[in-house]
Amino acid sequence: MPDLLPDAAARWRRMEARLAAVCDGWGYSHIRLPLVERTELFRRSVGDTSDIVGKEMYQVRGGTGKDDLSLRPEGTAGCVRAAVEHRLLDGPCRLWYLGQMFRHERPQKGRLRQFHQMGVETFGMAGPDIDAEVVALAAALWDALGLAGRLRLQINSIGDAGCRARYRQRLVEYLTPLAADLDEDSQRRLESNPLRILDSKDPRTIEILSAAPRLDDCLGDDARRHFADFRAALDALGLEYRVNRRLVRGLDYYNRTVFEWQADDGLGSQNALCAGGRYDGLARQLGGADCPALGFALGLERLMLMLDQSPADNRDAAADCYLIATEQEAQTELMALAMRLRRQLPHLRIVQHCGGGKLKAAMRRADRSGARLALILGASERAAGQISAKDMRTGHGGDQTQLDSGTGLAGRIQSMLGNGAGGMA
Ligand code: HAM
């Protein structure tokens with residue numbers, strides 16, 4: 001579970017601001033949800049037989065030990081729970097969220113036990129127009145982050161419950177006589193969740209699957225038409241995709257449309273950046289009314305790996321002005337001045353030297369803060385109602401200017417720093 005130190009955190013904030021701007025611009029509303037939910041919620045949604053619920057959840061004990069709670073392994077279940085509980089499902093509803101998720105997986109590049117997802121969930125729209133919108137929104141995120149062309153979209157339809165039940169039976173009939181040749185996970189899944197076998201990466205299992213019955217042969221008319229219309233919308237929008245008939249997803253709540261964006265480069269074996277699909281039955285399953293729904297989530301650590309890792313200009317973390325009082329008794333006077341400047345120049349980062357020490361040491365700290373301007377309040381400056389400004393870019397022998405410390409000071413500081421100073425990029 002990684003710490004995000006200030007340089008990285010500054011990059012994250014920029015990335016998050018871009019994601020938020022796109023979602024806001026598409027009319028999706030932000031929602032913030034608890035990190036902990038009842039374990040039962042994940043059992044009933046993600047599914048008991050899924051890897052996530054079966055072996056990756058962090059269970060949490062409440063005060064009396066009676067509540068069975070878990071850290072959320074994903075965001076969809078909590079979002080549906082909240083939407084049902086707060087009656088958000090009366091009409092169409094578009095939501096987005098961002099936050100930590102927890103899965104007890106074997107950590108490796110792009111796979112962590114605490115990770116972040118940004119997700120969108122839409123309710124009350126049966127599609128396929130909204131299916132295309134949600135996929136197009138993901139594409140707009142890649143554009144906004146400069147990743148267009150580095151991700152490939154795969155789509156599939158896993159049909160409705162009836163289609164899957166028919167297919168499940170055919171698949172089990174086909175695989176049972178061959179069970180001994182399947183990989184260990186797939187042998188186990190033959191009982192618990194046979195569709196997940198389609199996901200297997202084992203070469204022998206893949207070979208056996210090449211002659212297996214096909215899920216798309218079992219799709220009913222409605223699901224088939226839905227998928228065709230979804231594809232036609234993607235075509236009309238110029239969004240490229242590949243139909244992958246073996247894409248089934250590892251969470252139980254999906255029906256009909258499923259999709260996944262994979263990275264061409266930069267992510268190694270954990271190359272799925274973003275995944276989602278339709279889950280029309282979930283609201284009802286969690287105690288609400290019938291409500292068509294669909295969404296996706298993308299892994300922010302993986303996204304970060306894909307973004308330019310060249311050292312960021314760490315202007316976000318650097319100060320603009322560093323204020324120093326040479327006498328300890330002038331500290332509160334300087335603090336009041338700093339507070340006034342922050343009110344007048346809210347886009348600047350203004351840091352006051354604290355902790356005493358010699359001027360030379362304070363100047364070293366000013367240097368380390370990245371500030372372009374040091375403002376020094378000494379005894380003679382105080383007496384004259386002034387403060388000295390030193391341009392840190394011109395080095396030790398640099399210019400020192402006496403400024404009036406009255407209300408005009410903010411304007412002088414701004415002009416010395418120039419227009420490009422301060423603020424988040
Ligand atoms: P998911 O495929 O389990 O789907 O996760 C979505 C994304 O989260 C993955 O593609 C990946 O980028 C990231 N991710 C998952 N596990 C990890 C991990 N251990 N470390 C780092 N990143 C990870 C869901 O969670 C669904 N709730 C998506 C969804 C939303 N479907 C409908 N709405």
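This structure is a prediction, so every number in the text was calculated from the model and none was measured. Ligands are counted one by one from 1 in listed order, and the atoms in each one are counted from 1 as well.
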Polar contacts were defined as any N/O atom of the residue lying under 3.5 Å from an N/O atom of the ligand; does this apply to [X] and ligand 1?
{"X": "Thr76", "value": "yes"}
{"X": "Ala297", "value": "no"}
{"X": "Leu112", "value": "yes"}
{"X": "Leu298", "value": "no"}
{"X": "Leu273", "value": "yes"}

What I want to find out is whether Arg256 reaches Asp160 closely enough, with some N-O distance under 4.0 Å, to be called a salt bridge.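 The answer is yes: the pair qualifies as a salt bridge.
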
Ionic contact status for Arg152 with Asp264, cut-off 4.0 Å: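 Result for this pair is yes, salt bridge flagged.
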
What protein heavy atom lies closest to [atom]? Include the residue and the distance to one decimal.
{"atom": "atom 22 (N) of ligand 1", "value": "Phe115 CD1, 3.5 Å"}
{"atom": "atom 13 (C) of ligand 1", "value": "Gly299 CA, 3.6 Å"}
{"atom": "atom 9 (C) of ligand 1", "value": "Ala272 O, 4.0 Å"}
{"atom": "atom 32 (C) of ligand 1", "value": "Gly295 O, 3.2 Å"}
{"atom": "atom 26 (C) of ligand 1", "value": "Tyr253 OH, 3.3 Å"}

Classify the contact between [X] and ligand 1 as side chain, backbone, both or neither, using a heavy-atom distance cut-off of under 4.0 Å.
{"X": "Trp261", "result": "neither"}
{"X": "Gln270", "result": "neither"}
{"X": "Pro73", "result": "neither"}
{"X": "Arg249", "result": "side chain"}
{"X": "Arg302", "result": "side chain"}
{"X": "Tyr279", "result": "side chain"}

Is it the case that the ring center of Trp96 lies less than 6.0 angstrom away from the ring center of Trp26?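 Judged by ring-centre distance (under 6.0 Å), Trp26 and Trp96 do not meet the cut-off.
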
Where do [X] and [Y] come nearest, in terms of heavy atoms and distance?
{"X": "Tyr97", "Y": "Glu121", "answer": "OH-OE2, 2.7 Å"}
{"X": "Leu298", "Y": "Cys274", "answer": "CB-CB, 3.7 Å"}
{"X": "Phe42", "Y": "Ser70", "answer": "CE1-O, 4.0 Å"}
{"X": "Asp320", "Y": "His347", "answer": "OD2-O, 4.4 Å"}
{"X": "Cys291", "Y": "Ala283", "answer": "CB-CB, 3.9 Å"}

Please compare [options] and report which has the shortest non-hydrogen distance to [atom].
{"atom": "atom 31 (N) of ligand 1", "options": "Tyr97, Phe259, Tyr254, Phe296", "result": "Tyr254"}
{"atom": "atom 5 (O) of ligand 1", "options": "Gln117, Gln262, Lys109", "result": "Gln117"}
{"atom": "atom 15 (C) of ligand 1", "options": "Glu260, Glu105, Arg103", "result": "Arg103"}

Apply the test side-chain hydrogen bond (donor to acceptor under 3.5 Å, both in side chains) to residues Glu133 and Thr122: give CA-CA distance (whole Å), side-chain angles for both, the deciding distance (0.1 Å), then the verdict. CA-CA 10 Å; Glu133 176 186 296; Thr122 68; over 6 Å; no

Where ligand 1 meets [X] - atom numbers and elements under 4.0 angstrom, heavy-atom basis:
{"X": "Gly110", "result": "20 (N), 21 (C), 22 (N)"}
{"X": "Glu74", "result": "25 (O), 26 (C), 27 (N)"}
{"X": "Ala275", "result": "2 (O), 28 (C), 29 (C)"}

Are Gly119 and ligand 1 in contact, using a heavy-atom cut-off of under 4.0 Å?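 In this structure, Gly119 fails to qualify as a contact of ligand 1 - no heavy atom is under 4.0 Å.
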
Close approach, Arg111 and ligand 1, non-hydrogen under 4.0 angstrom: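 It does, in that a heavy atom of Arg111 comes within the 4.0 Å cut-off of ligand 1.
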
Measure from the side-chain N and O atoms of Arg302 to the backbone N and O of Ala272, and report whether any donor-acceptor pair falls under 3.5 Å.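 The answer is yes, because a donor-acceptor pair under 3.5 Å joins these two groups.
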
Would Gln117 and Leu98 satisfy side chain to side chain contact (heavy atoms under 4.5 Å, CB included), going step by step from the backbone distance to the final call? CA-CA 6 Å; Gln117 283 184 344; Leu98 188 154; over 6 Å; no

Does any part of the side chain of Tyr167, heavy atoms only, come nearer than 4.5 Å to the side chain of Leu195, both counted from C-beta?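 Yes, close enough: below the 4.5 Å cut-off.
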
Side chains of Ser50 and Asp252 only: does a donor on one sit below 3.5 Å from an acceptor on the other?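 No pair is found: no donor N or O on one side chain lies under 3.5 Å from an acceptor on the other.
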
Gln169 atom CD, neighbour heavy-atom count above 12 within 6.0 Å: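 Check fails, neighbour count at 12 or below.
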
